[in-house]
Each structure stands twice: as C-alpha cells, then as structure tokens.
Protein chains: 2
Amino acid sequence: MSDPLKDYDPHAFEPFAVTVDLAVFTVREGRLHVLLIRRGQDPYEGSWALPGGFILPRESAEEAARRELAEETGLSEAVVDSLHLEQLRTYSGPDRDPRMRVVSVAYTALVPDLPEPHGGGDAAHAEWVAADGLGELAFDHGQIVADAHDRIGARIEYTCLATTFCPTAFTLGELQQVYETVWGTVLDRPNFRRKVLATPGFVEPVAGASRLTGGRGKPASLYRAGPATALHPPLLRPEGRTA
Amino acid sequence: MSDPLKDYDPHAFEPFAVTVDLAVFTVREGRLHVLLIRRGQDPYEGSWALPGGFILPRESAEEAARRELAEETGLSEAVVDSLHLEQLRTYSGPDRDPRMRVVSVAYTALVPDLPEPHGGGDAAHAEWVAADGLGELAFDHGQIVADAHDRIGARIEYTCLATTFCPTAFTLGELQQVYETVWGTVLDRPNFRRKVLATPGFVEPVAGASRLTGGRGKPASLYRAGPATALHPPLLRPEGRTA
DNA sequence: GCAAAAGTGTTTTTCATACACCCATGT
DNA sequence: ACATGGGTGTATGAAAAACACTTTTGC
C-alpha cells in the first residue's frame, strides 16, 4: 500500500478476487488426513480441492476462514471460534485459476478425529482423505497441502499444537501417535513421556481417569491440554529438521 | 477459491486492492534498522510507512515485492533478484486503509548496511530508521514491523539467514553482533565461534584475509557465507524462545 | 605497558539416547 | 500363560554453558 493509492480509482484496475483456502488436518487410524471437497464444476471437475471461499467485504481473512470452516465441517460456531487457525501463506501466481486473477490466503487447522464432516450446505461432499499419496489436486492445492504439512511438522516441535489433534482427554500414547504420524517417525516412548511431562503447562493429568486404548494392555491415564502455548525445551524430531 | 467462483462476475463485487508491503531490515551501528518512507499524502500524512505498492495484473506477489524493493532502494535488479525475500503474512483487516479495502501481502528482506538507500523515483525519501522505539507508523505497519522482527529472530535460529545482514566478507564478531542485535542479548564469544564453525556450510574462511574491526585489537580473519541454507544443530538464543 | 579485540582450551553440568525392566489388562 | 500397551529407572555419551587463558594489534 502506501503511496500508489494516491490517484487510485477503485474500479480502474482489473479486479483481484481474494479468497481463503483451508487445509484442515486430522489424525485418523495413524494416518494424517486432509479435509477435501470433490469439485463439481468446470475447472478441475472431479478433482479434489481444498474448502474455501471469498472474503466478504467486511470480513478479515481469518474471519472468512472461520466462517468457511464452520460451513464446510458443520462444526458449531463456538467450537470453530475456539480452534487454533494458523495463517500459512498467500498464494498469488497470476495463473492459479484459469478463470480470473485469484489471490488466496491459506490457513491451516488441526482438529481431533471425532467430528465426521457432516453438515448442511457446502459440507455435503466434504471428506477426510489420507494425506500421503493423494493424487493431483485442483489448482495449486497440492502445493498448499504439502506446505501445510511441512509447517505443522515444524510447529509441533516448538508449540503445544499437537494436543489440538486430540480429543479433550487423551492418553500420552495418543499424543505420541500424533507426533509419529505427522513426522513419519518412531519415537521412544519413555523419552517422549519424560519430555512431555517435563514441559510445564503442556499437559495436565485428569484426576483418576484412565482409558483402555488397544483393547489389551494396561489402561492409560488421561491428560488434557495445559495452559502453555509454547514448548520451552522444544521437542525436536530425531533426524535433522525440514527447514 | 474452489466453489464460490461458479457464477462469478469479475466486476460484481466491490473490488479488493491487493498490495505488497516490505519490511527491509539492516544492522547498523549495533542497532536494527528498518527502511521507511515519510508519507506525503492524506491518510497518515507525515508518518513513517513501509515501502510497497500494488501487485500488477500479471505479477505474483513475490515478483511485485522484488520490483518495489528495487525501486525503493535503488539496488540493481541483479542484486535484488538474488536476495532472500520471505513472505511474512497477509494483513487483511477490513479497515486497514480508510480509503478502500486493501489486502496486503507483507515480505521481509535482510540486507547488509553498505547500500545507502539512494535511488531515483520512489527512493528519494526512503530512510533507515532504528527499529527500537519508533513511534506510531501509518496503517498497521507498526504491527507488521513487530511481526517481522519476531520472525527474523526465529529464522536466524534455524537458518543461515544472519549472513545476509553482513557484507560478502565478514568477521565472526560481525556475525555475532547481528545475532546480538536482532535478539537483544549478549552471547559468549568462544561458544558462538564454536557453534558457527561446527555447522558445515554456514561460513567458509576467506584465504589469508583479515580486518581490523574496532580500531584496536587483533585483526579478525574473514569469512563468507557458505552453501548451507539450514542450520542443523540450531543456534538457540539464551532465554526461552519467543514462539 | 596497557587496553581492546580475536582466538584457544578446559571444566562442569545438563540433556538426549538407548535400553532394561515392572505393571495392568484382555484373551 | 502370554501378548499387548502403559509406566519407571538408569547408564552412557554428546553437547551447551561458563570461564580461564593466550595472541595480536593501536595508543
């Protein structure tokens, strides 16, 4: 902005459409899944695409992202408002969309597995698709999903975000599986435990609660997400970072 | 994007202007400086603002950022093309600019101190301003500068970006001062040295060259940036992270 | 000689890793 | 009984932090 707006006539330029795209992830059955929509219209008809839509005239991009997320997933406004939404980056290639100039602000969200993406309206055909080995997506959405996966992998090293993949009460084994799934690595259980419990505010024990996870084995005690948001000694993945 | 574009008429919506804003930093005399422009027009007249401008119809946001950077700093196209430009985030509040709806993609660049921002045209009134304790900036540019500072502080922990603040040949003391300036901390010289030299590809020695830095003292040997881009054992700042 | 800045070495402590081992539950 | 997953303890090794010390220059 700044200077060039001095003699600007709002309708002089060819207009840019500004949209949001959502890369919503969950961990299901030990695999990372993305929420996708099967396209029914002309460009890329039949391909998978990310949910998203226009920013309305009086909305910020984040507000638009939350609104679209609620519409696509059928989650209540209250739940969506409390979710952690992270701006990924903005995609602005002049030929992203063959129809017109579309600049899109991409957001990432991490949700627990529980909610099936049912819901009225747009959500009718939204589905969870395994993130590894999905084919060509519409537009540059394949790139967006790849960027989002990288970002999440890096974010869970320094932040407490991994708990947002879990239900309100979860076991440490479940939390560990989130890390293993996102990073595609195997972690040492005793050491993972120690690091997580040694980080103040990461997780807090739920009184005397426990849950049987795999059908067999000792029931694991339950934890909930703590008040901390950053991970002070970071939880680095085994092999070097993705940069 | 995706669905909502099905019946879209390019001129039906009130148009969004899409711009880029640049937060260009340098380290000068042990202080972090930002490149700013004194506004001469109506909104925020007389205030400092970030350089930036419109994305042209056939440009990506990054291309626009490089073009603007060349215009504002007077640096040659070749230099600007080789610079590391990083997309920060997109600012989209509906009332950022009182005149109309402007969505702006912010970029950060790190440059060495050498080049005085002279240059024809727009650069006439671009100046380096110390980043600590600058007053109110125009629009939401104060927020952008703060976000950019945070981001840079985090980036130099894991990447070799800090060398882009230095001239082509630099001493380890100069590199250390970059870290100290950006983080606002003091580092232990022997330990800093060790970490930097232990990271393969971070810096490479320049044959027998040396330079006298403070007027007195032993001349320091010179290094140049190495081929590495990521810092494998990260160079973490003393106190916990900014997150 | 002294101050200032570069560079080297060493010691201490902390932390990550890799295991070995015990506990509780379902079949 | 045994397989399966949860949980505890511990020895080893690498790395970060703290700091003492030497070197080379200008004044």
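Lettering of chains follows the sequences in order, A, B, ..., and the numbering in each one begins at 1. Quick caveat: nothing in here was measured; it's all calculated off a predicted structure.
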Write down the distance between [atom1] ([X]) and [atom2] ([N]), rounded to a whole number of angstrom.
X	N	atom1	atom2	result
A:L175	D:dG6	CG	C1'	15 Å
A:R216	C:dC23	CZ	C1'	17 Å
B:L172	C:dA5	CG	C1'	13 Å
B:F192	C:dA6	CZ	C1'	14 Å
A:K218	D:dG6	NZ	C1'	5 Å

A:P205 to A:R224 - nearest heavy-atom pair and separation:
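Minimum heavy-atom contact is O-NH2, 4.2 Å.
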Kindly confirm or rule out a cation-pi arrangement of A:R89 over A:Y91, judged by NZ or CZ under 6.0 Å from the six-membered ring centre and within 45° of its axis?
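The answer is yes, since A:R89 meets both limits relative to A:Y91.
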Take the angle between the ring planes of A:Y179 and A:W183 and call it parallel below 30°, perpendicular above 60°, tilted in between.
perpendicular
May I ask you to evaluate whether B:S221 reaches the phosphate of C:dG7, defined as a side-chain N or O under 4.0 Å from OP1 or OP2?
yes
Can A:R67 and A:E63 be counted as an ion pair, charged N to O under 4.0 angstrom?
no
B:R38 with B:E127: basic N within carboxylate O range, under 4.0 Å:
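No salt bridge links B:R38 with B:E127.
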Establish, from distance only, whether the side-chain atoms of A:H141 and A:Q143 form a donor-acceptor pair under 3.5 Å.
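There is no such pair (donor and acceptor under 3.5 Å, judged by atom type) between the side chains of A:H141 and A:Q143.
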Would you tabulate the pairs of protein nitrogen or oxygen atoms and nucleotide nitrogen or oxygen atoms of nucleotides 8-16 of chain C closer than 3.5 angstrom?
from	atom 1	to	atom 2	distance (Å)
C:dG9	O6	B:R194	NH2	3.4

